[in-house]
Amino acid sequence: MIAADPHSPLMSINFREALNEEQYAAVTAEPGPALVLAGAGSGKTRTLTYRVAYLLSQGLNPWEILLLTFTNKAAKEMLARVENLTGIPAYKFWGGTFHHIGQKILRQHGEAIGLSKAFTIIDQSDAENLLSDVIRNHNPGFLKNKDNPKAKLIANIFSYARNTLTPLSELLDERYPYFDFISDELEIFFKKYQERKAKEQVLDYDDLLEKLLKLLQQEPAIAALYQERFKHVLVDEYQDTNRLQASIVDLLGSHHRIMAVGDDAQCIYTWRGADHQNIMSFPDRHPGAIIYKIETNYRSTPNILALANDVLTFQSEESGYNKTLKATRSTGPSPYFVPILDTRQQAQFILKRISGLYQEGVALSDIAILYRAHHHSMDLQMELSRQNLSYQITSGVRFFEQAHIRDLVAQLRFLHNPNDTTAFVRFSSLLPKVGPKTAEKLLTLANKLAEENQTTVFKALDNEAVLKKVPELAKEHWTDLAYTLQDAAENLDKLSPQEIVRILIEAWYGDFLKTLFTNWSAREDDLQSLLGFAGRYQDMGELLAQLVLLNSETSDRSVDMAEDALRLTTIHQAKGLEFKVVFVIGLAEKQFPIRRAIEEGNIDEELRLFYVAVTRAQDELYLLSPKMTLHGASPELLQPSRFVTGLSPESYEVLHVNKPSW
DNA sequence: AGTCGAGTTCTTTTT
DNA sequence: GAACTCGACT
């Protein structure tokens, strides 16, 4: 018993002293359904971490607590803080994203619903490619016809239907009436897509949730196992859960010892199926639920909070739970509204202001520039590089999404799950004169030969009959590749995943890389990082799952983390973070709110996003609104964002910038 | 039939 | 920049 140990750091935590009244009430809540409405900057993470510590101090074991988060980053931070507070190492907890937990449980018990032990996970772009292929197989002309939606959009529709537990036909009727003429065909594509994944034994992101729910629903014995194990279920960012996730939570926490923590004003993922209703109807689904409101804000100056509260007042009324953030800090400078000529001057203004702040002693890492969409930061990035100011950008191509990483991961996937045709096609299509069609044909042939000769598909790859069909130009590489795969496959169970990765890097791909990319040397470094990453895992299935699920872990190639650097990030990715000084750029109609949201009448979510943006600021907040954008060759005039014009004038101060000083 | 290269268009947000 | 399209080449 952990709590009985008098030396445990748990015993020395003074909950009363460490928490305010509101937080204390939530942290020490009696077992039972609880909805914690924690406003921005109110110490939400602190509350959750202390809740975990409190439960432990009541005698619970770490593995009896399930901690669900929305992003990997949040999971990592939360567990680190729990470890810090309680001294109990993070790995002892069941904590992570829904997808992560899904993966973990399915790897244990997936066979009960017909999953292979060796299933591999495909990421979004793999899934889109797979769907394109399915569509082309069924109707080769479909994607060529300009009247038809692109595979990417179709994939989004499918995903949305699955995440919201809506039958596809219903979703199409309601949201896509203009695709009525192909709805039957889309249904067929969906069915074929599902079949194809089953055949290849691959799961997409949605499967990790869907199959988990299915497992829990269809196998009561297994469900009971987890229901009994997890004495308490804690959910972070509950406002951003979708119906599929909420069903999982309700099932895993059928004992109603669920604590859902969230802020409905910060729901910014409806496009991914996040459902406001989850948080609004929580008390109905869990009778006796107690609502805890935490509204005391420790982050921002009263000036910034006044503006934030002002933002919430023009939210349309249906958005339930009313809340007003209460300030604890003393007054600071007023938030600034900065109308500015164009995006270039916007960049120059920021740089000038930053150098001023820097001289005042503000560290670069305390300054963030937030934007709605990645490309809004282009000018700024150029200007920053020109002035040699170091910045850290959480965006763009993620480390694990780079072509060369994916090529190597595809080889690992194929080794682990030889049914994963998609993976094979990916790396073998790299060879000259080999495209998707040829790759698939060759693999089918190899599979056939392997069966006839009672050997593995890896051995069959350089069978003479296969080699005869390999295009002349690709022959040499093909033999290299086949040999590498054989070598790796033979050692798959004997060596660690890291050693397998090493074999792959040092054999075919390492050489081939040099013919593929001009900057192969930098990419070689990335592969070395991958090798290092692989060292953390003992099991190939686990490594592969993490590679796909952790794809937000960005490359640290460009910036050394310890270095003092400016932070550039989308608002979505800034959620949960705080900075002394925040610049929100591109506050113009069609940029923020973005055009699409205006056209689709989806302004509420943009507004919540704006709310998230302004509540990141601790001391200073700058709202920048360019009057013009240089989109391609033709400049476009912009109106100031309705979010700014809608604010009451006393909540900000206008800063006029006449002309740049250089 | 399938692959390759040149040219064109467009960019929301994440697991 | 990357993803996509189109036409030419094998």
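Below, chain A is the first sequence line, B the second, and so on; all start at residue 1.
- If you measure from atom NZ of Lys150(A) to atom C1' of dT9(B), you get 9 Å, rounded to the nearest angstrom.
- Going from atom CD of Gln591(A) over to atom P of dT13(B) covers 13 Å, rounded to whole Å.
- The aromatic rings of Tyr176(A) and Tyr178(A) lie perpendicular to each other, with more than 60° between the two planes, well past the 30° mark.
- In this structure, Phe158(A) and Tyr193(A) have tilted ring planes: the angle between them lies in the 30° to 60° band.
- For Lys437(A), counting side-chain heavy atoms from C-beta on, the closest listed nucleotide (dT3(B), dT5(C), dT13(B)) is dT3(B).
- Checking dT13(B), dG2(B), dC4(B) against the side-chain heavy atoms of His572(A) singles out dT13(B) as nearest.
- Defined by atom type and a distance below 3.5 Å, a donor-acceptor pair is present between the side-chain atoms of Asp407(A) and Tyr509(A).
- The CG atom of Leu516(A) sits 12 Å away from the P atom of dG5(B) (whole-angstrom rounding).
- Listed nucleotides: dT3(B), dT14(B), dT11(B). Nearest to the side chain of Thr438(A): dT3(B).
- Nearest-nucleotide positions on DNA chain B place Ala439(A) closer to the 5' end than the other of His99(A) and Ala439(A).
- The phosphate of dT14(B) (OP1 or OP2) has a side-chain N or O of Thr570(A) nearer than 4.0 angstrom.
- The interatomic distance linking Lys433(A) (NZ) with dG5(B) (P) rounds to 7 Å, in whole Å.
- Comparing dC4(B), dT14(B), dG2(B) against the side chain of Arg272(A) picks out dT14(B) as the nearest.
- In this structure, NE2 of His374(A) is placed 15 Å from C1' of dC10(B), rounded to the nearest angstrom.
- The residue among Asn156(A) and Leu430(A) whose nearest nucleotide of DNA chain B is located toward the 5' end is Leu430(A).
- Atoms CG (Asn148(A)) and P (dT5(C)) sit 12 Å apart, rounded to a whole Å.
- Here Gln573(A) reaches the OP1 or OP2 of dT14(B): one of its side-chain N or O atoms lies under 4.0 Å away.
- The residue Phe98(A) sits apart from the nucleic acid: no heavy atom pair falls under 4.0 Å.
- At a threshold of 4.0 angstrom between heavy atoms, the contacts of Thr71(A) are confined to the sugar-phosphate backbone, with no base atom among them.
- Trp271(A) qualifies as a stacking partner of the dT13(B) base, centre to centre under 5.5 Å and near-parallel within 30°.
- Within the nucleic acid shown, Pro471(A) has no heavy atom closer than 4.0 Å to any nucleic acid atom.
- Asn242(A) and Thr164(A) share no side-chain donor-acceptor pair at under 3.5 Å.
- Using cut-offs of 30° and 60° for the angle between ring planes, the Trp508(A) and Phe512(A) rings count as parallel.
- Rounded to whole Å, the distance from CD on Gln381(A) to C1' on dT11(B) is 14 Å.
- To the nearest angstrom, C1' of dT13(B) lies 8 Å from CD of Glu605(A).
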